[in-house]
Amino acid sequence: MPEDSLVSAAEVARLADVGRAAVSNWRRRYPDFPQPVDSSEPNPRFRLSEVEEWLREHGRLRPLTRAETVWRALEAGRGEVELVDELARALTYLRDPAAAGSLRTQLRTALDEVPAGKREDLAEELFEQHVERSRGELTTAGELASLMVQLAGQARSVFDPACGAGTILREAAAQGASELAGQEVARELATLASARVAAKAQPGARIRIEVADSLRADAFGEFQADAVLCDPPFGYRDWGYEELGMDPRWGYGFPVKSEPELAWLQHCLAHTVPGGTVVMLAPASVASRRSGKVIRQALVRRGVVRAVIALPAGSLPHTGIPVHLWVLRAPDGEAGDPVLLIDAGDEKPARRGMVNWPAIHEAVLQPWHSFADTGTVHEIPGVQATVDPIELLDEDVDLTPARHIPAPATTVNADDLERQRNQLVTELERLAGALPGARSSGAAWTRPATTIGELVRAGALLYRQQTARLETTDDPDASGRRVLTGRNVAGGTGPTMRLAGESTDLIELRPGDVVVPALVAGDGRPVAEVITESGLLLGPNLQLLRVDPERLDAEFLAGQLRSSRAARVGSVTASGVHRLDARRVEIPVVGLAEQRVLGERFRQLREFEHALRRLADTGTELVRHYADGLAEGSLAPGD
């Protein structure tokens, strides 16, 4: 990387081994922090030389890793296309220096310093760094590629018609395939694929990667492989519908324009030897969309569909849509075999892309191997089953696994339900006496009022909002400090996020603080809570009001903020969400003693509301269990 290279805030954070929020804080706190060379907020770019000098002066510049040192030598003076070509040669050089072609002296020197036992690891680090920096390039997760290869079984020849950077073919090479073919529309990705696949291939393996649009310009003609594995682009309607109407690949029906995945699927089958296997990833909607019914019907009738496997929603890092793996067998004269259906949806990740792949591999491969060996599988309601093709050929030909796998029986214990019912009745009776009484005061207040903003200026309370971008995670196993957000307060839940990165602008909440969301959905009535525990951090979309207890009562303030009169000063965004600036809310001027009396009643009302919400949730769950038991016959009507 030359000294005049530009780096993003994320790259600055890597140089200092901190989170992006820390970089944002430095920009605000330190006048001497380098200014961005452009104004493309929120993604500013800085001169590398200036950033490194600043980090060095402030003792924050960490030593470069070996991969970063090589990457700088790799990137120096290169545009994007040149960079990918150079990266491909570098990956080849790490495997076989004689096959790499010419490399610049600086890069060759950096590569030569890598110990032989570390070269394969470095090659993958460089590739991952390229994927991260290029942002827009999507690549199949290695664990998903491994699953697809294992579903295909031992195959001498493997073809991937949408090979990208070669992750699937690389995994197939590692599993022993001796002929590896791929096609990719982007030349730079095809270049990378060639280098990455060659690094894993066995000596003497044949590798052929072609650059062209697979559907419009099939570069492989009559070539057929033992296994075709494919993770095609989703929902891309410009796949050649207008010019490919008479193409011989559409042996199961011509896909409509909105069904590109069924075009890819038939393209894969056309390149598979009779009896060979296709494993393709597709959006879950492909199994049920009405526009694809005729093609699905033909696939099932001809015995092509072997398995449909539902992966959890959120399995892919770049999209949250649910996806299926289709396992197909190219026609070889046999038909009528059962179809395996697996629903692995219970393994849903806590965050998109953070998948428990070992659990998914076990949930998928164990029944698949049993099915491949015996033609059947032990049925597990809600999880797996085999069905006869005739059962799939109904009006919709919906191949969604959950539609055909028997639902798990609901286990209902009558004694437990009766005990929960009695507890609910007792809680309802107790709650009835917890609602504070009231009497008419004769007339509404005519006392003078003041705004919260005026109280802030008078020093009666402190107003804060979190302006820094906090790096947070909802991973339940994370150990960072808990962050309370506006969503938590508005939804009546406890904190669900934890701090994930470094930040120097944290606002810690204290018992007695009043918090109110800035954005509220629904009827727009504000929600305000009084903090009762220590250690929470103020998160996004949340306004903090910290009172001077000698001048204001926190419960009185929270009660005023929850009233309909507070809602009247809010505004509505274009999307229909209500926005509230707490500083504009008016509250009556009341003595501290009277504030405390009213505040206590406000507190009782708030606790009553919280208890009522908890009981409503409990009652709803109880009703569902009762209804399930009665519907399935495991419960009989009582007295």
Side-chain angles (χ1 to χ4, degrees), residues 137-153 155 157-173 175 177 179-186 189-190 193 196-197 207-220 223-236 239-240 244 247 249-252 255 259-273 276-287 292 295-296 299 304-309 311 315-316 318-319 321 323-330 364 399:
E137 293 178 4
L138 307 179
T139 183
T140 307
E143 299 88 345
L144 175 58
S146 173
L147 178 60
M148 295 172 71
V149 170
Q150 292 182 71
L151 286 169
S157 57
V158 176
F159 175 50
D160 182 352
C163 68
T167 302
I168 294 176
L169 290 175
R170 176 182 167 87
E171 184 65 31
Q175 297 299 320
E179 185 175 5
L180 300 137
Q183 187 163 339
E184 169 55 42
V185 69
L189 289 179
R196 296 183 70 230
V197 174
I207 301 171
R208 177 186 171 192
I209 308 292
E210 298 289 346
V211 181
D213 184 317
S214 287
L215 297 183
R216 284 193 173 93
D218 184 1
F220 284 86
F223 171 76
Q224 291 184 319
D226 298 332
V228 178
L229 312 179
C230 188
D231 176 7
F234 292 169
Y236 187 65
W239 55 269
L244 296 175
D247 196 287
R249 287 173 291 183
W250 318 138
Y252 303 89
E259 292 280 4
E261 295 84 11
L262 291 179
W264 281 101
L265 187 149
Q266 293 187 78
H267 176 74
C268 291
L269 285 167
H271 283 290
T272 309
V273 299
T277 301
V278 171
V279 182
M280 192 183 98
L281 190 73
S285 56
V286 176
I295 294 176
R296 293 196 302 272
L299 292 168
V304 172
V305 181
R306 293 207 70 197
V308 180
I309 300 162
L311 298 180
S315 295
L316 306 183
H318 57 277
T319 177
I321 66 170
V323 291
H324 290 168
L325 281 172
W326 290 55
V327 184
L328 310 175
R329 176 178 57 204
V364 171
L399 306 186

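Residue indices begin at 1 and follow the sequence shown.
- In this structure, the separation between CZ on F159 and CD on E179 is 11.0 Å, given to the nearest 0.5 Å.
- Nearest heavy-atom pair, A212 versus A217, reported as atom, atom and distance to 0.1 Å: CB-O, 3.7 Å.
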* Could you walk me through whether I209 and C163 pass the side-chain contact (heavy atoms from CB on, under 4.5 Å) test, one step at a time? => CA-CA 9 Å; I209 308 292; C163 68; 4.2 Å; yes
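- By the 4.5 Å heavy-atom criterion applied to side chains, L399 and L299 are not counted as neighbours.
- Heavy atoms only, all atoms of each residue included: R249 and L215 are closest at NH2-O, 2.5 Å.
- Taking the six-membered ring where tryptophan is involved, the planes of H271 and F220 are perpendicular, since the angle between them exceeds 60° and thus also 30°.
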* Step-by-step side-chain contact (heavy atoms from CB on, under 4.5 Å) determination, D218 to H267 -> CA-CA 9 Å; D218 184 1; H267 176 74; 3.5 Å; yes
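- Counting only N and O atoms by type, the side chains of T167 and R196 include a donor and acceptor under 3.5 Å apart.
- The shortest side-chain heavy-atom distance between L316 and L281 falls under the 4.5 Å cut-off.
- Put simply, OG on S146 and CD on E171 are 4.0 Å apart, with the number rounded to the nearest 0.5 Å.
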* To do: Decide yes or no on side-chain contact (heavy atoms from CB on, under 4.5 Å) for V278 and W326, but give the supporting numbers first.
  => CA-CA 8 Å; V278 171; W326 290 55; over 6 Å; no
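- For L147 against L311, the heavy-atom pair with the smallest separation is CD2-CD2, 4.5 Å.
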* Asked: Can V158 and Q175 be said to form a side-chain contact (heavy atoms from CB on, under 4.5 Å), step by step?
  -> CA-CA 11 Å; V158 176; Q175 297 299 320; over 6 Å; no
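- Between A172 and V149, the shortest heavy-atom distance links the atoms N-CG2, 3.8 Å.
- I295 has its side chain out of reach of E259: every pair of non-hydrogen atoms, C-beta onward, lies at least 4.5 Å apart.
- Residues V323 and F234 approach most closely at CG1-CE1, 3.8 Å, considering heavy atoms.
- Among all heavy-atom pairs drawn from V197 and A173, the shortest one is O-CB, 4.1 Å.
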